[in-house]
K.L.:
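The structure that follows is given in the form of structure tokens.
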Amino acid sequence: PQLSRGSIVRALFIHSLRGVFGLGRSAKSKVLPVGLFSLMCIPAVVLAVVTVILAGQGALTEPPLPYARYAMVMQAVLAIFVAVQAPQAVSLDLRFNTLPLYLSRPVQRIDYVVAKYAALAAGVFILLAVPLLVMYVGALLAEFPAGPQTADLLFAFAGAALFSLVLSGISLVIASLTPRRGFGIAGIITVLALSFAVVTALQGLIGFEQGDMTTAGWLGLFSPMTLVDGVQVWAFGAESSVPAAPQDDATGFVFTLVTLVVIAGCFGTLVRRYRKVRL
């Protein structure tokens with residue numbers, strides 16, 4: 001029996017999510033995502049072990065690294081992950097013209113976008129959430145108060161969700177513009193790495209050299225990583241990982257609004273992009 005539209009979208013989501021981690025593909029396709037996942041987890045394991053040991057010696061009263069900062073500390077791994085997996089999710093379908101096969105079933109182009117966006121965002125969230133859970137377990141084993149640690153973890157999960165949606169949206173938009181996987185990877189890496197480098201450099205120059213922290217904080221709007229970091233600082237009381245963060249409530253509100261606009265804009269751009277794809 002032919003499956004319903006919802007069942008097809010769920011199947012495409014699961015298939016795409018598995019593909020994000022190389023599952024169901026050749027051993028060669030698993031090397032990079034599994035390697036990057038391991039790189040994300042290893043520092044968390046080390047931090048958890050150090051936390052337990054030092055807390056047992058009375059040298060620590062809280063985890064050495066706040067949960068909400070982990071994404072920023074590991075941003076290079078995150079950028080490589082989305083740069084590789086976004087083209088894997090959409091560019092190959094354009095190159096080999098497999099979209100007509102999906103649309104031969106009762107599924108719309110917007111369903112394809114929803115499934116791919118959700119799959120990549122879920123993959124990035126898993127990449128962030130597992131190390132956070134490892135650090136959380138280490139904090140509990142170190143007998144830190146469970147209530148504050150749980151609250152901090154939930155805030156970090158909210159930040160991880162925002163990172164996942166923003167990075168996945170931007171990466172998919174770039175990847176959808178070319179059927180060449182290599183071009184997509186290069187474009188995503190350039191946008192994420194260059195924007196962060198330029199913004200943080202200007203923040204350091206304007207904030208520390210000229211003493212204008214307000215203007216330096218506003219510059220965080222122009223990089224995906226600093227944008228979400230600013231939301232975490234304002235909304236969740238997280239410690240900033242960049243030279244300058246939002247300095248007041250008005251700036252923090254704008255950061256949050258821009259983040260939501262970026263997510264919605266990326267989704268809308270993808271929908272328009274796939275409406276124009278010729279079958």
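One-based numbering along the sequence shown. Atoms considered below: every heavy atom in the structure, side chains included; atoms not considered: hydrogens, waters and symmetry mates.
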K.L.:
Determine, using the 4.5 Å side-chain heavy-atom cutoff (strictly less than), whether I170 and L221 are members of one ILVMFWY cluster.
P.N.:
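Yes, it is one cluster - the side chains of I170 and L221 are joined through contacts under 4.5 Å.
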
K.L.:
Does V242 reach the side chain of M72, with side-chain heavy atoms less than 4.5 Å apart?
P.N.:
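Heavy-atom side-chain distance check passes, below 4.5 Å.
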
K.L.:
Just how far is it from atom CD1 of I80 to atom CD of Q85, taken to the nearest 0.5 Å?
P.N.:
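One finds 11.5 Å between CD1 of I80 and CD of Q85.
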
K.L.:
If hydrophobic clusters are built from ILVMFWY residues whose side chains come within less than 4.5 Å, do I126 and L153 share one?
P.N.:
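Hydrophobic grouping puts I126 with L153.
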
K.L.:
Can you name the nearest heavy-atom pair linking V20 to A119, along with the distance?
P.N.:
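For V20 versus A119, the nearest heavy atoms are CG2-O, 4.2 Å.
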
K.L.:
Residues two or more places apart in sequence or in another chain: which of them pass side chain to side chain contact (heavy atoms under 4.5 Å, CB included) with T190?
P.N.:
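T190 satisfies side chain to side chain contact (heavy atoms under 4.5 Å, CB included) with L194 only.
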
K.L.:
Check whether V77 and F21 end up in the same hydrophobic cluster, where Ile, Leu, Val, Met, Phe, Trp and Tyr are linked by side-chain heavy atoms less than 4.5 Å apart.
P.N.:
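Both belong to a single hydrophobic cluster.
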
K.L.:
Is there a path of hydrophobic side-chain contacts, each under 4.5 Å between heavy atoms, that joins Y102 and I14?
P.N.:
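Looking at the clustering, I14 is in the same group as Y102.
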
K.L.:
For G184 and I174, work out which heavy atoms get closest and say how close.
P.N.:
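So the minimum-distance heavy-atom pair works out to O-CG2, 4.2 Å.
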
K.L.:
Kindly indicate whether the side chain of L94, heavy atoms from C-beta on, has any atom under 4.5 Å from the side chain of R273.
P.N.:
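Yes; the side chains approach each other to less than 4.5 Å.
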
K.L.:
Look up atom CZ in R5 and atom CG in D111, then write down how far apart they are to the nearest 0.5 Å.
P.N.:
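Spacing of CZ (R5) from CG (D111) equals 4.0 Å.
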
K.L.:
Is it possible for you to say whether L65 and V49 belong to one hydrophobic cluster, with membership spreading through side-chain heavy-atom contacts below 4.5 Å?
P.N.:
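They do not share one cluster, since no chain of ILVMFWY contacts under 4.5 Å joins L65 to V49.
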
K.L.:
What pairs of donor and acceptor atoms, side-chain ones from residues 253-266 against any protein atom, are under 3.5 angstrom apart with sequence neighbours left out?
P.N.:
unit_1: T256; atom_1: OG1; unit_2: G252; atom_2: O; d: 3.0
unit_1: T259; atom_1: OG1; unit_2: F255; atom_2: O; d: 2.8

K.L.:
Shortest non-hydrogen contact from S4 to S7?
P.N.:
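Where S4 meets S7 most closely, the heavy atoms are OG-OG, 3.0 Å.
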
K.L.:
Would you name the heavy atoms of D229 and S241 that are closest together and state the gap between them?
P.N.:
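Between these two residues, the closest heavy atoms are OD2-N, 3.4 Å.
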
K.L.:
Rounded to the nearest 0.5 Å, what separation is found between the OG1 atom of T269 and the CG atom of L172?
P.N.:
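The distance works out to 11.5 Å.
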
K.L.:
Hey, does the side chain of R109 reach the backbone of Y274 with a donor-acceptor pair shorter than 3.5 angstrom?
P.N.:
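Between the backbone of Y274 and the side chain of R109 there is a qualifying donor-acceptor contact (under 3.5 Å).
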
K.L.:
Any donor-acceptor pair under 3.5 Å linking the side chain of Q232 with the backbone of A68?
P.N.:
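Side chain of Q232 to backbone of A68: a pair is present.
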
K.L.:
Could you check whether any side-chain N or O of Q247 sits under 3.5 Å from a backbone N or O of A245, counting only pairs where one atom can act as donor and the other as acceptor?
P.N.:
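Pair found, side chain donor or acceptor close to backbone of A245.
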
K.L.:
Tell me, do R95 and T178 make a side-chain contact under 4.5 Å, heavy atoms counted?
P.N.:
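Result no, sub-4.5 Å side-chain heavy-atom pair not found.
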
K.L.:
At what distance, to the nearest 0.5 angstrom, does CZ of F157 lie from CZ of F125?
P.N.:
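The distance works out to 5.5 Å.
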
K.L.:
Taking all heavy atoms of I189 and all of A79, pick out the closest pair and write down the distance.
P.N.:
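Shortest heavy-atom separation between I189 and A79 comes out as CD1-O, 3.9 Å.
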
K.L.:
Is any side-chain heavy atom of Y112 closer than 4.5 Å to one of V90?
P.N.:
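Contact flag for V90/Y112 side chains = yes.
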
K.L.:
First locate atom CG of L78, then atom OG of S168, and finally report the distance between them rounded to the nearest 0.5 Å.
P.N.:
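The distance works out to 9.5 Å.
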
K.L.:
What are the two closest non-hydrogen atoms of P64 and L47, and how far apart are they?
P.N.:
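Residues P64 and L47, closest heavy atoms: CG-CD2, 3.9 Å.
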
K.L.:
Before giving the answer on side chain to side chain contact (heavy atoms under 4.5 Å, CB included), spell out for V82 and L192 the whole-Å C-alpha distance, their side-chain angles and the decisive distance to 0.1 Å.
P.N.:
CA-CA 10 Å; V82 294; L192 296 182; 3.7 Å; yes

K.L.:
Are any non-hydrogen side-chain atoms of L270 and S176 less than 4.5 angstrom apart?
P.N.:
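Yes, side chains in contact.
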
K.L.:
Got a list of side-chain donor-acceptor pairs under 3.5 Å for residues 23-33, not counting sequence neighbours?
P.N.:
unit_1: S26; atom_1: OG; unit_2: S29; atom_2: N; d: 3.4
unit_1: S26; atom_1: OG; unit_2: S29; atom_2: OG; d: 3.2
unit_1: K30; atom_1: NZ; unit_2: G22; atom_2: O; d: 3.4
unit_1: K30; atom_1: NZ; unit_2: R25; atom_2: O; d: 2.5

K.L.:
Which is it for F13 and Y117 under the ring pair (Phe, Tyr, Trp, His ring centres under 6.0 Å) test, yes or no, and what are the steps along the way?
P.N.:
CA-CA 9 Å; F13 166 77; Y117 196 162; over 10 Å; no

K.L.:
Do V130 and C41 have side chains that approach each other closer than 4.5 Å (heavy atoms only, starting at C-beta)?
P.N.:
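Yes, close enough: below the 4.5 Å cut-off.
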
K.L.:
Would F267 and V114 count as a side chain to side chain contact (heavy atoms under 4.5 Å, CB included) here? Give the steps.
P.N.:
CA-CA 8 Å; F267 180 79; V114 168; 3.7 Å; yes

K.L.:
Show which side-chain atoms of residues 198-206 pair as donor or acceptor with protein atoms under 3.5 Å away, not counting sequence neighbours.
P.N.:
unit_1: T200; atom_1: OG1; unit_2: F196; atom_2: O; d: 2.7
unit_1: T200; atom_1: OG1; unit_2: A197; atom_2: O; d: 3.2
unit_1: Q203; atom_1: NE2; unit_2: A216; atom_2: O; d: 2.9
unit_1: Q203; atom_1: NE2; unit_2: A244; atom_2: O; d: 3.2

K.L.:
Are the side chain of T226 and the backbone N or O of G220 linked by a donor-acceptor pair below 3.5 Å?
P.N.:
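Judged by distance alone, yes, a pair lies under 3.5 Å.
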
K.L.:
Is there a side-chain contact between M40 and Y70, using heavy atoms and a 4.5 Å cut-off?
P.N.:
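Result yes, sub-4.5 Å side-chain heavy-atom pair found.
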
K.L.:
Quick one: OG1 on T51 to CD on E62, what's the gap to the nearest 0.5 Å?
P.N.:
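Separation between the atoms: 10.5 Å.
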
K.L.:
Pairs of donor and acceptor atoms involving the side chains of residues 132-151, under 3.5 Å and at least two apart or interchain, shall be tabulated with distances.
P.N.:
unit_1: Y136; atom_1: OH; unit_2: T150; atom_2: OG1; d: 2.7
unit_1: Q149; atom_1: OE1; unit_2: Y67; atom_2: OH; d: 2.6
unit_1: T150; atom_1: OG1; unit_2: A146; atom_2: O; d: 2.7

K.L.:
Kindly write out the residues that satisfy side chain to side chain contact (heavy atoms under 4.5 Å, CB included) with V228, not counting sequence neighbours, or none if the list is empty.
P.N.:
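Here the qualifying residues are L162, F163, V166.
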
K.L.:
Quick check: do P224 and S195 have side-chain heavy atoms less than 4.5 Å from each other?
P.N.:
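Counting from C-beta outward, P224 and S195 do come under 4.5 Å.
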
